[in-house]
Amino acid sequence: MSSSDAAPSALVVDNVTKRFGNVLALDDVSFSLGATELLALVGPSGCGKSTLLRTIAGLVRADHGRLRLGGLVVDDGTRHVPPEHRRIGLVFQDHALFPHLRVAENIAFGVRDASRRDTNGRVAEMLEVVDLVGYGERFPHELSGGERQRVALARALAPRPALMLLDEPFASLDSNLRSQLRASVTAALEITGTPGVFVTHDQEEALATGDRIAVMRSGRIEQLADPVSVYHSPANSFVARFMGEVNLLPITSDAGGARTLLGPVDTTDVGRDVSSEMQAMLRPDDVTFTESAVGGACIVGAEFRGTTWGYRIELPGGIQVLASGSHLHPFSVGMRGEVTLTPGHWQVLVPIT
Amino acid sequence: MTTPEVTHELVPTARERVHLGIGDQVSRLGWPSASLLFAALVVIPVLFLATSLLRPNAEVWRQQWDTRLPGQIVSTLVLLVGVSLGTVLLGSGLAWLLSAYTFPGARLFGWLLIAPLAMPSYVLGFVTVSVVGFTGPIQGWWRNQFGADAWFPDTESMGGAIAVFTLVLYPYVYLLARAALRDQAHGAYDVARSLGAGPIEAARRIVLPLLRPALAAGAGVVMMETLTDFATVQYFGVDTVSVGVFRIWRGTFDRDAASEIATLVLAFALMIIGLERVLRGRARYGTAAGADAGFAPQRLRGSRAAIATTVCLAVLTLSFLAPVAQLVWWATSEAVGPRGTPLFSRFLGYLQHSLLLAGVTAIVCTAIAVVVTNASRFGQPRITRLAARLTAVGYAVPGPVVAIGVLLMLVAVDGLLGHLGTGLPGVIATGSFLGLAYAYVVRFLAPGLNATEAGLGQVSEEVTISARSLGARPMEIVRSVHLPLSRTSIVTALVLVAVDALKELPIVLLLRPFGFDTLSVWTYLLASESRYEQAALPALAIIVVALVPVGLLSRQLRMSSAPEGPAEAATIGTWGGRTDEFV
């Protein structure tokens with residue numbers, strides 16, 4: 001009832017549903033985005049994340065539900081504001097610059113109803129924001145991939161959009177460039193105070209960049225939370241698996257609480273009841289291997305990852321678990337030992353999905 | 001929910017209020033409606049004709065059946081079968097020769113062999129009749145040598161017509177077969193050889209089946225081009241159904257009878273489309289995108305190399321070099337002769353008519369093509385895609401069918417306006433520039449559309465979406481993004497349509513207003529009266545203009561490893577993929 005929030009939401013998605021033929025691309029999706037928030041949309045391919053982005057942009061019309069941008073209804077199933085009137089900025093994987101226009105002309109394209117001086121000023125400002133001062137007279141084909149993507153960002157930011165939408169913006173770049181560009185995008189959005197939604201299929205990118213993360217599957221948002229929660233207390237086993245390597249172990253309960261093959265787990269923080277629908281979630285760093293000639297566990301796979309080693313360990317019952325270990329004391333395949341829970345790490349229970 | 005909140009949501013800001021005006025709604029509906037309107041303009045004449053299939057005039061059919069019709073049907077079938085066999089053999093044979101082997105001149109012949117595309121069949125037709133025909137110099141020399149009764153193949157016959165069409169139309173098959181060999185066959189051929197198959201076995205079991213779709217498509221184009229003609233065949237005394245339409249309409253102006261026979265031409269066209277679909281099966285030609293090295297061609301030496309070079313040179317000479325030389329000879333001997341080039345002033349007048357007609361057609365077709373193409377970016381995709389396909393239908397409909405269909409439609413419009421008390425001037429229905437240009441536009445929209453679609457294809461969907469998200473309206477995007485980026489393809493569209501329009505003969509012969517002669521009409525009329533020397537100049541003019549797109553295409557063939565630019569893609573699209581326009 002109260003509409004006196006200090007910072008109104010940049011975007012409110014209410015029960016949005018979209019169907020393509022038999023495929024339910026968006027299934028009753030709801031969330032809202034803070035005034036300067038950056039939301040990462042992740043999920044396996046075909047989960048509906050791109051459809052959600054395109055619906056927000058106005059390229060796809062919702063079947064049901066309501067979309068509000070900056071307090072204005074832009075789609076409610078009957079009315080539909082076309083993309084050119086939504087004040088959104090779009091950045092695509094392939095940058096989509098206008099190849100026949102110079103960098104400055106590209107950036108100026110969306111700046112309307114402004115004097116020449118104001119436009120030039122805005123272009124200069126944007127070039128500064130993306131750190132491309134002096135590139136205004138170049139043509140897109142004279143730029144590197146990363147520079148093009150920064151121009152695309154500047155072009156989208158120039159008309160002061162109410163919301164930025166980024167569709168896999170870094171997917172076409174190599175990994176070094178990618179982390180650089182990630183930093184400059186977040187910086188640019190922060191400087192200009194622009195909220196954003198960006199789609200990625202890369203969990204690490206989502207964890208590193210998003211203020212919050214929405215994990216999607218089959219047209220639904222499975223969890224929407226800050227990166228730490230999504231990684232360490234996932235809403236269910238799907239989210240747990242999707243966000244990174246994980247051990248999901250069956251639990252049994254006794255008087256002392258829940259236990260797994262590796263020992264008792266602490267469930268006090270979670271507030272989830274121990275039941276047969278629950279599994280214990282242990283990230284590889286929650287599991288420790290110690291060498292011992294009489295141990296029942298055996299290392300069956302070892303993978304060097306730079307700062308750590310990743311191990312695949314077979315337990316006496318035949319179950320395999322993943323563990324990580326320091327690069328200072330590497331183990332090799334065939335070594336026997338004990339597997340324990342890493343002291344000080346917390347464990348969570350997740351519902352099986 | 002409280003009232004104030006609702007108000008806040010529903011009242012747009014000043015900016016939104018301006019932008020969501022009525023004009024905006026119109027432009028939103030405007031794109032799909034415009035493309036549907038153009039599609040209707042193309043389809044309606046054909047439908048007018050098709051509906052007369054539903055109420056056949058028994059009397060007309062009986063009368064036709066008792067006179068020429070059975071012979072015409074047989075001749076049409078024999079001609080179609082003969083020409084398609086001839087072009088498939090010649091076209092695929094040359095394609096194989098130039099893909100699998102290398103010999104002196106092979107690279108040059110590789111693209112020179114498409115030159116006959118610039119030679120209208122009616123030009124090669126009259127040159128052949130005049131030079132090789134009974135009264136021509138060759139048979140004259142033959143009779144001098146071997147006596148007046150010495151046997152010589154009858155030139156003015158079905159055989160002669162098939163030979164001429166084969167020489168002019170084989171490049172369609174050649175182009176498609178070469179593309180298929182380049183894109184698909186070579187890897188498979190090499191694999192087959194490595195698995196122990198000899199060259200003959202590999203060709204029979206692997207290459208031929210792979211070529212089948214390309215050959216079917218090529219034969220489809222060839223048969224359509226043959227079916228639409230009624231000028232060339234008349235030089236050879238071959239009476240086809242298309243000739244029937246022409247005879248009836250120009251002889252008696254009996255619209256009903258002409259349209260009855262035109263439906264028969266349409267039936268033949270549908271048959272060709274069906275046949276092509278069946279032969280092609282579910283396969284498509286030229287699917288592989290990667291530009292591979294192609295066959296590693298085998299070098300021919302000695303007598304085999306000499307034979308290969310001779311074959312190529314012979315085909316090129318017969319189909320292009322010799323007739324052009326003969327035309328140049330005639331034109332120059334006219335020019336330097338005592339009379340000078342007679343009717344030269346009239347030549348300029350006809351040239352003007354041709355340029356006017358080709359220019360109007362090219363501009364209208366390209367403008368429509370640009371609208372229909374761009375509509376696909378802004379309208380409902382299902383509607384705009386359907387409209388685009390329908391708009392291209394005219395190319396699969398033989399010229400006589402288009403002409404009679406337009407005629408029927410104009411008569412109907414005339415009648416309708418008559419009821420309203422404002423009839424069109426009578427001549428519009430029977431022969432006017434308007435009707436003529438309309439028929440041309442219906443027939444030649446497809447090449448323009450191919451070119452503009454290839455051009456817009458170079459502009460990614462994301463570029464359009466980015467421009468929209470930056471606040472640009474569709475019209476503004478077309479003006480400041482799409483058009484500048486597809487300039488080359490628009491020029492290509494203009495050129496392709498103009499050249500096709502300049503060469504066109506059947507439609508202009510059927511629909512031209514009294515006294516409105518073009519270069520192609522003049523060439524045809526002079527040649528019909530055996531005034532070959534005078535026909536040479538307009539014929540040469542047509543060939544020179546038609547060489548422009550052939551040049552574009554040959555450039556593409558020479559740089560076949562380079563990525564396809566919009567212009568080249570469109571040329572290939574028009575000449576290679578015509579059959580894809582068949583609905």
Side-chain angles (χ1 to χ4, degrees), chain A residues 1-4 8 12 53-54 56-61 66 68-74 76 79-101 105-113 140 152 155-165 167-168, chain B residues 1-21 23-31 377-382 455 458-488 565-566:
Chain A
M1 285 297 144
S2 149
S3 57
S4 57
V12 180
L53 199 80
R54 295 172 75 85
I56 300 169
L59 303 166
V60 169
R61 299 176 86 128
R66 193 164 64 153
R68 273 187 289 173
L69 275 173
L72 276 164
V73 175
V74 292
D76 62 3
R79 267 171 315 166
H80 177 263
V81 176
E84 57 267 36
H85 304 321
R86 290 198 176 188
R87 294 191 58 217
I88 39 143
L90 273 174
V91 176
F92 293 101
Q93 179 180 337
D94 78 334
H95 63 75
L97 293 179
F98 306 130
H100 61 305
L101 300 180
E105 292 167 326
N106 261 286
I107 298 175
F109 187 91
V111 181
R112 273 146 222 285
D113 311 324
R155 180 180 70 178
L157 283 171
R160 296 190 169 82
L163 176 66
M164 274 297 273
L165 301 175
D167 193 357
E168 306 247 6
Chain B
M1 210 179 277
T2 59
T3 319
E5 194 185 335
V6 173
T7 322
H8 166 67
E9 284 167 6
L10 295 188
V11 173
T13 64
R15 181 190 161 95
E16 254 81 11
R17 198 179 301 133
V18 172
H19 282 179
L20 283 177
D24 210 65
Q25 296 302 322
V26 169
S27 90
R28 208 140 294 283
L29 294 171
W31 290 99
R377 286 284 164 98
F378 303 115
Q380 272 276 328
R382 236 177 328 152
Q458 305 289 105
V459 183
S460 78
E461 194 99 25
E462 277 82 13
V463 166
T464 307
I465 294 171
S466 296
R468 290 192 79 172
S469 76
L470 291 168
R473 296 184 196 199
M475 272 315 280
E476 191 186 339
I477 296 173
V478 171
R479 193 165 41 77
S480 62
V481 180
H482 290 176
L483 287 186
L485 285 177
S486 47
R487 217 170 357 188
T488 331

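Chain identifiers are assigned alphabetically (A, B, ...) following the order of the sequence lines, protein sequences preceding nucleic acid strands; residue numbering begins at 1 within each chain. Keep in mind that what you see is a predicted model, and the values were worked out from it rather than measured. Computation of the quantities below employed the complete heavy-atom set of this structure, encompassing side-chain atoms and omitting hydrogens, waters and symmetry-equivalent molecules.
The shortest distance between side-chain heavy atoms of V463(B) and F92(A) does not fall below 4.5 Å. At least one side-chain heavy atom of I465(B) sits less than 4.5 Å from a side-chain heavy atom of R54(A).
In this structure, no portion of T464(B) lies under 4.5 Å from any heavy atom of chain A. Residue L101(A) does not touch chain B at all, counting heavy-atom pairs closer than 4.5 Å. With a 4.5 angstrom heavy-atom cutoff, I88(A) touches chain B via backbone and side-chain atoms both. Looking at D94(A), the atoms closer than 4.5 Å to chain B (heavy atoms on both sides) all sit in the side chain, from C-beta outward.
In summary, the side chains of R155(A) and S466(B) do present a donor paired with an acceptor at a separation below 3.5 Å, with no hydrogens or angles considered.
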- Stepwise, does the salt bridge (Lys or Arg N to Asp or Glu O under 4.0 Å) test hold for E84(A) with R468(B)? CA-CA 5 Å; E84(A) 57 267 36; R468(B) 290 192 79 172; 3.0 Å; yes
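Contact record, H100(A) with S480(B): NE2-O, 2.8 Å, taken as the closest heavy-atom pair. Between L470(B) and A156(A), the shortest heavy-atom contact is CD2-CA, 4.1 Å.
Top candidate by heavy-atom pairs under 4.5 Å with chain B, chosen from A158(A), P159(A), G89(A), P99(A), is P99(A).
Note that the CZ atom of F98(A) and the CG atom of L485(B) stand 9.0 Å from one another [nearest 0.5 Å]. Separation of atoms CG (L59(A)) and CD (E461(B)) is listed at 9.0 Å; rounding is to 0.5 Å.
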